[in-house]
Asker: 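Below is the structure I would like to discuss, written out as structure tokens.
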Amino acid sequence: MLIAIRDYLKEQKVCSLADLSVKFKTTPEAMRGMLSHWLRKGQVICESPQCFTACKKGCVSCDPAELEIYRWKGREALGIPLTSVS
């Protein structure tokens with residue numbers, strides 16, 4: 001499954017933890033464990049959108065798995081921005 005996750009991230013470039021969990025039919029906790037392999041190898045980075053780090057309101061309306069973003073760092077990565085700030 002690690003190879004399938006790698007290939008999917010290479011194709012998509014950026015995915016949320018929730019998207020990956022749905023795609024691979026697993027829990028966010030299990031997906032984090034699998035992603036840790038690629039994080040240790042330096043092929044994937046975990047990012048938080050600015051709205052998540054700047055919010056600090058403490059509301060629980062956002063699913064944390066939707067805010068945990070993974071980006072493939074391989075040569076194929078194109079530098080796609082996570083959010084557009086107006």
Asker: Not counting sequence neighbours, which residues clear side-chain contact (heavy atoms from CB on, under 4.5 Å) with E11? List them please.
Answerer: none
Asker: Please report the interatomic distance CD1(I5) to CG(L35), rounded to the nearest 0.5 Å.
Answerer: 5.5 Å
Asker: Cut-off 3.5 Å, side chains only: do R40 and S36 have a donor facing an acceptor?
Answerer: yes
Asker: So how far is it from L20 CG to K25 NZ, rounded to the nearest 0.5 Å?
Answerer: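 Rounded to the nearest 0.5 Å, the CG-NZ separation comes to 13.5 Å.
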Asker: Count I, L, V, M, F, W, Y as connected when their side-chain heavy atoms are under 4.5 Å apart, and connections chain through other members. Are F24 and L9 then in the same cluster?
Answerer: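 Hydrophobic grouping puts F24 with L9.
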Asker: For the atom pair CZ (R32) and CD (E68), what is the distance rounded to the nearest 0.5 Å?
Answerer: 4.0 Å
Asker: I would like to know whether M1 and M34 meet side-chain contact (heavy atoms from CB on, under 4.5 Å); could you show each step before the answer?
Answerer: CA-CA 8 Å; M1 187 181 284; M34 290 181 269; 3.4 Å; yes
Asker: Are the side chains of I69 and L17 in contact, using a 4.5 Å heavy-atom criterion?
Answerer: no
Asker: Look up atom CH2 in W72 and atom SG in C15, then write down how far apart they are to the nearest 0.5 Å.
Answerer: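 Going from the CH2 atom of W72 to the SG atom of C15 covers 11.5 Å.
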Asker: Taking side-chain contact (heavy atoms from CB on, under 4.5 Å) as the test, write out the residues that go with K41, two or more places apart.
Answerer: H37, W38, Q43
Asker: Identify, with sequence neighbours excluded, every residue that meets side-chain hydrogen bond (donor to acceptor under 3.5 Å, both in side chains) alongside T26.
Answerer: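 Not a single residue meets the side-chain hydrogen bond (donor to acceptor under 3.5 Å, both in side chains) criterion with T26.
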Asker: Looking only at heavy atoms, what is the nearest atom pair of P28 and S21, with distance?
Answerer: CA-OG, 3.3 Å
